[in-house]
Amino acid sequence: MRKGSRGPLGGGGKQDNKAAFAFLAPWFAGLLLITAGPIVASFVLGFTDYNLIQPPTFNGLDNFARMLTDVRLHRALGVTLVYVVVSVPLQLAAALGLALLLDKGLRGLAFYRSAFYLPSLLGSSVAVAVLWRQIFGADGLVNQLFGIEGRGWISDPDTALSTLIILNVWTFGAPMVIFLAGLRQIPRMYYEAAATDGAGKWTQFRSITIPLLSPIVFFNLVLQIIHAFQSFTQAFVVSGGTGGPSDSTLFYTLYLYQRGFHNFDMGYASALAWLLLVIIAGFTAVNFWAAKFWVVYDD
């Protein structure tokens with residue numbers, strides 16, 4: 001190598017590193033100021049009494065002890081668990097069903113794929129939540145189609161949560177696209193060999209598709225559970241920020257918001273945020289533990 005060349009042994013490497021750090025600096029700044037900083041601050045505030053106006057005062061484990069007797073917190077946990085346990089499996093089933101249909105090689109596949117993916121982009125928006133409130137209102141589209149008078153599905157405690165579950169199921173586009181990509185990776189020779197042996201469509205689905213697609217199912221399951229626990233906009237808009245009627249749509253995140261920004265109890269809200277982190281981590285850990293019993297990998 002010539003003298004002064006900018007190779008691995010020259011001075012060009014240090015300059016390249018400086019350029020790389022310069023380009024990465026905004027990301028590191030965002031990580032520290034927007035992500036890591038608030039995480040550390042919320043952890044510290046979880047052990048304080050803080051009302052956003054006066055300086056926080058340390059109160060030890062009082063915020064966590066309050067959780068044991070907080071009736072609305074227990075109600076919010078129950079509502080959120082029902083929402084997660086019911087909506088996530090239905091959403092994944094709808095996503096897999098549509099992916100199987102689109103995997104048949106329909107004409108205009110790109111259009112259908114984009115059309116079905118669109119609800120995933122809009123489902124958590126304020127506009128769609130407002131539209132959902134109108135559709136299931138007393139004078140909404142559902143009552144007009146079925147000739148029902150005087151019943152507001154969102155204003156009824158028995159059906160309000162069901163409308164939000166339907167909304168979450170409707171946003172099946174993202175897992176559907178992932179399922180479709182996974183289906184395209186399954187070799188067709190497996191199905192041809194099974195058909196030669198006389199296996200029907202259901203047997204092929206149960207013995208070939210599901211086992212080979214199980215890593216994708218696991219991936220979608222973990223992501224959608226985390227997403228469902230973090231749902232906020234739908235319940236906030238539909239209930240007007242109250243979680244009503246009768247706390248039937250009081251999601252955990254909505255209750256956390258109420259404690260922090262309605263009651264100015266930011267210390268308790270920070271403790272609630274860390275409890276949510278522990279709950280999500282627990283569900284994720286259980287999923288990873290259970291995966292060894294049903295997820296099939298090539299090796």
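Every heavy atom of this structure was used, including side-chain atoms; hydrogens, water molecules and symmetry mates were not.
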Mind checking whether Trp153 and Ile148 have side chains closer than 4.5 Å, heavy atoms only? yes
Sub-4.5 Å side-chain heavy-atom contact between Leu167 and Val238: no
Under 3.5 Å donor-acceptor, Gln258 side chain and Asn263 backbone: no
Hydrogens and angles aside, do Thr171 and Gln91 bring a side-chain donor and acceptor to less than 3.5 Å of each other? yes
Least distance between heavy atoms, Ser248 atom then Pro245 atom: OG-O, 2.7 Å
Met67 to His74 - nearest heavy-atom pair and separation: O-NE2, 2.9 Å
Show the numbers, then the answer: is there a side-chain contact (heavy atoms from CB on, under 4.5 Å) between Phe229 and Leu81? CA-CA 8 Å; Phe229 268 111; Leu81 286 175; 3.9 Å; yes
What pair of heavy atoms forms the shortest contact from Val296 to Ser214, and how long is it? N-OG, 2.8 Å
Output all residues satisfying side chain to side chain contact (heavy atoms under 4.5 Å, CB included) with Val237, sequence neighbours left out; order by chain, then residue number. Val126, Ala129, Val130, Thr233
Measure up the Phe136 and Trp132 rings against each other and bin them: parallel (under 30°), tilted (30 to 60°), perpendicular (over 60°). tilted
Which class fits the ring pair Phe64 and Phe47: parallel under 30°, tilted 30 to 60°, perpendicular over 60°? tilted
Could you pull out the closest heavy-atom pair between Leu92 and Pro175, with the gap in Å? CD2-CB, 4.0 Å
Determine, stepwise, if the pair Leu96 / Leu213 fulfils side-chain contact (heavy atoms from CB on, under 4.5 Å). CA-CA 10 Å; Leu96 180 57; Leu213 202 63; 3.5 Å; yes
Could you give the distance from CD (Gln224) to CG (Leu90), rounded to the nearest 0.5 Å? 12.5 Å
Main-chain N/O of Gly152 paired to Asp156 side chain as donor or acceptor, under 3.5 Å: no
Using a 3.5 Å distance criterion without hydrogens, assess whether the side chain of Asn51 forms a donor-acceptor pair with backbone atoms of Ile53. yes
Heavy-atom side-chain proximity of Met176 to Leu102 below 4.5 angstrom: yes
Check salt bridge (Lys or Arg N to Asp or Glu O under 4.0 Å) between Arg206 and all other residues, then give those that pass, not counting sequence neighbours. none
Which residues pass the ring-ring contact (aromatic ring centres under 6.0 Å, His included) test with Tyr83, sequence neighbours left out? Phe251
Measure the shortest side-chain to side-chain distance between Ile39 and Trp274 over non-hydrogen atoms and say whether it is less than 4.5 angstrom. yes
Holding to salt bridge (Lys or Arg N to Asp or Glu O under 4.0 Å), I want the full list of residues that pass it with Arg133, two or more places apart in sequence or in another chain. none
Contact check, side chains of Leu221 and Ile225, non-hydrogen atoms, under 4.5 Å: yes
Would you confirm whether Tyr252, through its side chain, and Leu272, through its main-chain N or O, come within 3.5 Å as a donor-acceptor pair? yes
For the residue pair Thr48 and Asn59, what are the closest heavy atoms and their distance? N-OD1, 3.2 Å
To the nearest 0.5 Å, tell me how far Ser270 OG sits from Asp265 CG. 9.0 Å
Applying side chain to side chain contact (heavy atoms under 4.5 Å, CB included), can you list everything that pairs with Thr249, at least two apart in sequence or on another chain? Ala160, Leu164, Ser239
Close side-chain approach of Val86 to Leu161, heavy-atom, < 4.5 Å: no
Once salt bridge (Lys or Arg N to Asp or Glu O under 4.0 Å) is applied, do any residues pair with Asp70, and if so which ones, sequence neighbours excluded? none
Would you mind checking if Arg66 and Asp49 are paired as a salt bridge, meaning a charged N to carboxylate O distance below 4.0 Å? no
Any heavy-atom pair between the side chains of Val79 and Tyr255 that's under 4.5 Å? no
Determine whether the aromatic ring centres of residues Trp27 and Phe23 are separated by less than 6.0 angstrom. no
Side chain Ser207, main chain Gln204, donor-acceptor under 3.5 Å: no
Can you check whether Leu98 reaches Phe179 side chain to side chain, under 4.5 Å on heavy atoms? no
List the atom of Ala228, the atom of Val84, and the distance in Å for their closest heavy-atom pair. CB-CG2, 3.8 Å
In terms of heavy-atom contacts, does CZ of Phe232 have more than 12 from other residues, nucleotides or ligands at under 6.0 Å? yes
